[in-house]
Amino acid sequence: MKAKRFLEQMNDLPDDLLLEAEPKPAKKGFGWKRWSAVAACCCVVLGAALALPRFFAPAGETSLVNYTEIVPYDSLSFGDTYLPEGLEITGNFNASIQRISYIEQELAADYQLLALLEVTVTDVRTKEYRYDIQDSPDRVLHQWDQTVLYDLEIDQVWYGGELFGAGESLTIENNSSVLDPQYLMEIGGRYVVPVYEEGDILFYARDEQVLAGDVNRETPYASYGFFQPPIQLTTDGNYVMPDTWQILSAYSRKIQMDLSDQPESMAYYFADKMRLVTAQDFARQMGVLVDWLEHGTPAPHQEETSSSVAYSSLLFGNTYRPEGLRSGVSTMDIIPFAEENLYAGQTQVEFWEVTVTGMEAKEYRYDVASDKFQPDGVLHRQDQTMVYQVQVEQVWWGQSVQAGDTVLLEDLSYGEIDLGCLLSIGGRYVLPVYQQGDTLPVWEEVVSGDIALTSSYSIYYPYQPPIQRTTDGDYLLPSGWVTLTEISRPVEMDLSLPGNEFEYYGDKMRLVAGEDFARQMAVLIQKMEA
């Protein structure tokens with residue numbers, strides 16, 4: 001299909017947008033158990049009763065994951081983990097520690113990450129450094145510092161296989177002065193550890209004139225992110241981590257923590273940020289992270305799963321539009337689409353997957369009161385909308401309709417958008433639908449004419465191409481849907497014809513596999529509920 005054909009197959013959206021510690025036997029978890037017990041029952045998630053897709057593992061094994069579920073922390077098991085008797089950590093978890101919101105980006109930008117290792121902790125101990133430094137020509141200061149050493153058995157190398165191997169032993173040494181003791185790894189626990197080279201000399205002594213004492217580290221290796229909860233495996237192979245791992249926790253469930261008795265602790269900061277990731281999702285997202293670390297581009301929120309795909313190779317079935325449709329004028333300053341406008345209920349939308357069974361333009365002629373040309377005068381107005389008849393195939397999110405329903409949608413913006421953004425009869429689309437009211441929005445006094453709308457349903461933000469499904473079950477959509485296109489391929493468009501506003505999307509269209517779309521839609525719904 002040619003580019004011109006593409007312009008005949010795209011979508012529509014709304015007019016409203018023109019707008020330590022004593023030892024503890026059989027310890028569970030990475031220290032959270034030292035806090036008060038987690039609430040036994042998790043909250044019922046808004047919309048949990050709504051229809052959500054069932055996801056399938058690549059190998060064909062059924063995986064029923066409801067990403068909107070909230071998991072109680074006390075339902076998780078980490079096996080028999082513990083800290084040695086008499087272990088004392090002088091950590092400092094005050095607010096001077098920078099709270100990182102995107103740990104993968106920090107690793108890629110500021111640290112020479114050597115490896116991402118899945119390990120079992122075999123020992124935990126501390127090391128004290130006592131040394132003297134020259135503070136001034138006539139003054140010597142006696143210094144004391146502490147580090148925490150972990151002996152590890154490497155179970156799996158996710159990244160850095162040229163340096164480390166499964167079955168090998170490794171020791172890492174972390175500075176403890178910026179460590180919240182609650183975030184210690186425990187003997188017997190299994191963790192995913194980002195390893196970097198800290199150096200052979202104690203960090204605090206590197207820029208000092210050391211007069212006496214030993215400031216040599218036992219090992220040059222350290223673990224990044226030791227002042228936040230570590231990534232820990234449960235006994236059933238899932239992963240617990242803070243959502244600061246944005247890539248690794250992209251497909252995850254929220255963990256309900258009860259940290260009401262820790263109001264001043266850094267642990268309290270993470271009380272609502274802990275996530276549970278299945279082994280399958282973790283392995284998949286680790287592949288995305290490793291590919292990003294190795295190649296640097298593209299940005300992780302739109303990782304390309306393979307090379308680009310030509311639009312002409314995509315099939316959408318027999319789609320068409322009625323004769324005589326005119327292109328709208330979309331050169332006005334339209335507020336750019338922002339997926340974030342849907343988050344946390346900022347805009348109430350539902351997501352329907354539909355097949356378009358009919359469409360027609362509708363004209364509104366009415367008079368409004370105006371003194372512009374004469375007292376008590378009127379102005380004659382004319383507006384045009386597009387009315388779509390659709391059959392609902394699947395409800396991704398919402399309760400207003402169900403699969404099999406036939407519904408009318410009325411797009412208020414038809415007279416102001418490029419034809420490339422209209423739907424086509426026979427096309428299958430995923431539409432964000434909102435309630436627009438029962439009358440044409442007119443901000444003047446209407447003195448004559450009928451402005452009653454055909455339908456109170458409309459498509460949210462019709463000024464960009466719609467989300468369209470191919471005949472083989474993939475989805476074509478613009479990159480403005482950041483979450484829905486996180487895992488996608490770029491689509492090569494031929495939009496050499498000049499003079500249409502749709503040219504803006506010539507390099508912004510993405511193709512998402514059906515399974516990826518279902519998973520990413522679940523994450524988007526999760527964001528809208530948060």
Side-chain angles (χ1 to χ4, degrees), residues 1-13 250 284 287-288 291-292 295-321 327 330 334 336-339 351 353-356 396 417-432 459-521 523-524:
M1 287 182 282
K2 303 296 184 182
K4 186 175 181 180
R5 178 81 179 276
F6 176 78
L7 297 181
E8 300 175 3
Q9 309 198 53
M10 305 308 292
N11 178 27
D12 234 325
L13 295 150
R284 181 176 180 275
V288 174
D291 191 57
W292 182 45
H295 301 102
T297 55
H301 68 276
Q302 287 201 345
E303 182 67 25
E304 297 177 9
T305 58
S306 64
S307 58
S308 61
V309 59
Y311 176 79
S312 59
S313 68
L314 304 178
L315 299 177
F316 299 94
N318 296 319
T319 65
Y320 66 95
R321 298 217 183 102
S327 177
S330 56
I334 298 175
F337 173 76
E339 181 188 287
F351 282 92
E353 186 160 324
V354 305
T355 297
V356 178
W396 289 96
I417 65 172
D418 194 287
L419 285 178
C421 299
L422 291 180
L423 309 183
S424 295
I425 298 174
R428 185 160 172 169
Y429 304 89
V430 175
L431 304 178
I459 303 168
Y460 179 78
Y461 201 91
Y463 309 102
Q464 66 173 359
I467 302 171
Q468 184 168 11
R469 179 169 167 166
T470 67
T471 54
D472 55 1
D474 294 338
Y475 293 83
L476 178 72
L477 58 158
S479 58
W481 291 100
V482 178
T483 301
L484 296 181
T485 59
E486 179 181 0
I487 307 298
S488 61
R489 287 179 286 171
V491 177
E492 293 183 0
M493 309 296 299
D494 177 12
L495 297 175
S496 56
L497 295 176
N500 66 71
E501 293 298 312
F502 190 70
E503 285 180 317
Y504 173 77
Y505 291 100
D507 61 349
K508 295 178 175 61
M509 299 303 296
R510 316 286 299 191
L511 185 67
V512 181
E515 179 184 341
D516 290 330
F517 184 84
R519 295 154 64 94
Q520 290 164 182
M521 174 62 79
V523 175
L524 176 59

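Side chains included, hydrogens not; waters and symmetry mates left out as well; all remaining heavy atoms used. All figures in this text were calculated on a predicted structure; none of them were measured in a lab.
- Contact detail for Val512 and Gln520: the closest heavy-atom pair is CG1-NE2, 3.8 Å.
- In this structure, the separation between CG on Leu431 and CD on Gln468 is 10.0 Å, given to the nearest 0.5 Å.
- Taken to the nearest 0.5 Å, the CG atom of Asp472 stands 8.0 Å off from the CG atom of Leu314.
- Rounding to the nearest 0.5 Å places CH2 of Trp481 at 8.5 Å from CZ of Phe517.
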Let's go through Arg519 and Arg284 carefully: what are the C-alpha distance in whole Å and the side-chain angles of both, what is the deciding distance for side-chain contact (heavy atoms from CB on, under 4.5 Å) to 0.1 Å, and is it a yes or a no?
CA-CA 12 Å; Arg519 295 154 64 94; Arg284 181 176 180 275; 2.9 Å; yes
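- Taken from CD1 in Ile425 to CG in Asn318, the straight-line distance is 12.5 Å, to the nearest 0.5 Å.
- Side chains of Arg510 and Thr485: a donor-acceptor N/O pair is absent below 3.5 angstrom, by distance only.
- When all heavy atoms of Glu492 and Ser308 are compared, the pair lying nearest together is OE2-OG, 2.8 Å.
- Considering every non-hydrogen atom in both Phe316 and Thr319, the closest pair reads O-CG2, 3.5 Å.
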Hey, mind stepping through Phe351 and Leu524 against side-chain contact (heavy atoms from CB on, under 4.5 Å) and telling me if it holds?
CA-CA 11 Å; Phe351 282 92; Leu524 176 59; 3.9 Å; yes
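- A distance-only check finds a donor-acceptor pair linking the side chain of Glu339 to the backbone of Thr483 [under 3.5 Å].
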Begin from the C-alpha positions of Leu484 and Tyr475 and carry the test side-chain contact (heavy atoms from CB on, under 4.5 Å) through to its verdict.
CA-CA 10 Å; Leu484 296 181; Tyr475 293 83; over 6 Å; no
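- The shortest heavy-atom contact between Ala310 and Ser313 is O-OG, 2.6 Å.
- Between atom OH of residue Tyr429 and atom CG of residue Leu476 there is a gap of 10.0 Å, rounded to the nearest 0.5 Å.
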Steps toward side-chain contact (heavy atoms from CB on, under 4.5 Å) verdict (Tyr505, Met493):
CA-CA 9 Å; Tyr505 291 100; Met493 309 296 299; over 6 Å; no
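- Here the shortest heavy-atom pairing between Glu353 and Val430 reads OE1-CG2, 3.4 Å.
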